[in-house]
Amino acid sequence: MLRQPILLLARSAQAERLVSSLPLSRSVVRRFVPGTQTDEAVRATRELAGDGLLVTLDHLGEDTLDRAQADATVAAYLELLEALGAAGLARSAEVSVKLSAIGQALPDGGPDLATANARRICEAARTVGTTVTLDMEDHTTVDLTLTTLRELRHDFPETGAVLQAYLHRTESDCRELAHEGSRVRLCKGAYDEPASVAFTEREEVDKSYVRCLKVLMAGSGYPMVATHDPRMIKIASALAVRAGRVPGSHEFQMLYGVRPDEQRRLAEAGEQVRVYLPYGEQWYGYLMRRLAERPQNLAFFARALVSRS
Ligand SMILES: Cc1cc2nc3c(=O)[nH]c(=O)nc-3n(C[C@H](O)[C@H](O)[C@H](O)COP(=O)(O)OP(=O)(O)OC[C@H]3O[C@@H](n4cnc5c(N)ncnc54)[C@H](O)[C@@H]3O)c2cc1C
């Protein structure tokens with residue numbers, strides 16, 4: 001019930017100014033976003049890698065309508081990749097990129113600019129020995145993002161895709177992307193989408209998630225199962241066994257700060273587990289989506305506001 005209003009607030013610049021100016025306890029942001037600077041992101045990556053976890057790092061920011069901001073985001077990714085390489089972490093960590101953060105929505109030639117910027121990030125990733133995954137954003141950008149993915153995969157076939165099970169189209173997109181060498185992250189979807197394009201009931205989204213999982217696990221690509229949902233994790237494991245998949249031919253992914261015990265439990269059981277680690281100053285939209293997913297987090301948020309630690 002609270003999901004829609006919180007997601008609306010996530011897109012409001014006024015709400016962002018208000019929330020950002022609140023005397024927020026550092027702990028509320030730090031629970032989901034371990035730092036704002038490259039060195040903090042690298043430190044958090046090293047800790048997770050030490051626990052046998054893989055990482056994908058997201059430099060926070062989205063919906064950029066400013067060329068200088070898009071350039072700054074690309075520069076941040078290049079700096080991060082160099083730092084990961086220098087720290088010997090490139091085998092444990094890749095990067096996740098939102099095309100809207102690197103220019104996709106700019107009025108003149110935005111999609112081409114975003115593709116060119118993503119190419120620069122892919123080149124830097126390959127230089128240090130890692131990969132890039134293109135995050136998926138709201139439904140109006142899906143075709144553009146999949147077009148960019150196809151273009152990048154010409155030269156960088158290792159580039160990962162993200163598909164969102166709440167969209168009606170996704171089972172068919174899974175069929176197209178379940179081929180040899182294709183890394184596909186399946187998530188439920190985090191945006192407020194209309195019923196014309198998306199399943200809106202939780203149960204329908206879960207059923208779609210399972211249908212998509214079946215396609216990806218039976219295919220010859222590399223499924224990346226991004227969920228905290230114990231039922232989906234159990235079903236994914238069973239489908240992997242049924243498809244004769246061995247550990248290493250797929251992975252589980254969860255967000256930083258969400259179900260950390262389960263992340264370690266799965267890794268200790270021999271699964272590949274990757275933690276999505278966001279960092280940077282622009283944490284507002286990301287934090288609001290996490291609150292929308294789990295209204296229980298609102299209580300945590302409220303307590304942190306009161307404690308002002
Ligand atoms: C690695 C990763 C990458 C993602 N990338 C994208 C992307 O590119 N685009 C996009 O739209 N979305 C992305 N998402 C977000 C995703 O779409 C969902 O919004 C988010 O993961 C919540 O859905 P869920 O599958 O975890 O389950 P939900 O339906 O939110 O929750 C199901 C169950 O999981 C358990 N659970 C969930 N959260 C918690 C918690 N905090 N603590 C304890 N138990 C919990 C509970 O048992 C809950 O009932 C990503 C998610 C992950 C994990």
Side-chain angles (χ1 to χ4, degrees), residues 20 24-64 69-102 117-118 120-137 158-160 162 183 185 187 190 224 226 228 251-260 263-264 267 272-290 304:
S20 304
L24 269 182
S25 143
R26 278 163 63 87
S27 64
V28 70
V29 181
R30 285 292 162 116
R31 172 173 164 183
F32 297 106
V33 180
T36 56
Q37 307 302 317
T38 304
D39 60 337
E40 292 170 303
V42 171
R43 198 175 316 134
T45 300
R46 188 180 290 114
E47 273 171 31
L48 293 166
D51 286 346
L53 298 164
L54 301 168
V55 178
T56 184
L57 291 110
D58 166 33
H59 182 263
L60 289 167
E62 52 200 278
D63 296 338
T64 301
Q69 179 61 38
D71 290 345
T73 301
V74 175
Y77 272 107
L78 301 187
E79 180 183 294
L80 172 68
L81 284 161
E82 207 179 312
L84 289 171
L89 289 167
R91 283 172 64 95
S92 306
E94 63 142 33
V95 294
S96 285
V97 176
K98 284 188 175 47
L99 291 178
S100 79
I102 54 171
N117 281 339
R120 290 176 62 201
I121 298 171
C122 287
E123 275 161 6
R126 186 177 280 174
T127 302
V128 300
T130 188
T131 51
V132 175
T133 292
L134 299 183
D135 279 351
M136 193 58 87
E137 302 179 67
E158 65 274 24
T159 307
V162 178
R183 300 165 62 241
R185 175 195 301 160
C187 63
M224 304 188 279
H228 313 99
E251 69 185 41
F252 290 91
Q253 298 190 341
M254 294 188 210
L255 303 177
Y256 182 88
V258 179
R259 303 199 73 204
Q263 295 170 12
R264 282 163 181 78
Q272 298 226 69
V273 181
R274 190 177 299 273
V275 179
Y276 186 101
L277 191 159
Y279 75 101
E281 306 277 358
Q282 292 184 49
W283 45 262
Y284 173 77
Y286 179 85
L287 184 70
M288 293 304 271
R289 285 197 294 279
R290 302 295 74 83

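Side-chain atoms are counted along with the backbone in the values below, which use heavy atoms only and exclude waters and symmetry mates.
When every heavy atom of V42 is checked against every heavy atom of A87, the shortest pair comes out as CG1-CB, 4.0 Å. Pairing each heavy atom of A226 with each of R185, the nearest pair is CB-CG, 3.6 Å. Of all the heavy atoms in N117 and A70, the pair that sits closest is ND2-CB, 4.4 Å. Between E40 and Q37 the shortest heavy-atom distance is OE1-N, 2.9 Å. Between P278 and V33 the shortest heavy-atom distance is O-CG1, 3.5 Å.
Remark: R46 engages no residue in a side-chain hydrogen bond (donor to acceptor under 3.5 Å, both in side chains) (not counting sequence neighbours). Residues satisfying the side-chain hydrogen bond (donor to acceptor under 3.5 Å, both in side chains) criterion with E82, sequence neighbours excluded, are absent altogether.
At distances below 3.5 Å, at least one donor-acceptor pair connects side-chain atoms of R259 with backbone N or O atoms of H228. Listed for the T130 side chain is a donor-acceptor partner under 3.5 Å among the backbone atoms of A93.
Donor-acceptor pairing under 3.5 Å is recorded for the side chains of S100 and E137.
Atom CG of L81 is separated from atom OG1 of T131 by 9.5 Å, given to the nearest 0.5 angstrom. Rounding to the nearest 0.5 angstrom, the gap separating the CG atom in L255 from the CD atom in Q263 is 8.5 Å. Once rounded to the nearest 0.5 Å, the distance linking CG of L54 with OG1 of T45 reads 11.0 Å. For the atom pair CG of L57 and OH of Y256, the computed distance is 11.0 Å after rounding to the nearest 0.5 Å. To the nearest 0.5 angstrom, D135 atom CG is 8.5 Å from L99 atom CG. If you take CE on M254 and SG on C187, they are separated by 14.0 Å, rounding to the nearest 0.5 Å.
Residue T38 forms a side chain to side chain donor-acceptor pair (under 3.5 Å) with just one option from E79, H59, R43, and that option is E79.
Ring orientation note: the planes of Y286 and Y276 are close to parallel, at an angle under 30° on the 30°/60° scale.
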Test side-chain contact (heavy atoms from CB on, under 4.5 Å) applied to R290 and R31, step by step: CA-CA 11 Å; R290 302 295 74 83; R31 172 173 164 183; over 6 Å; no
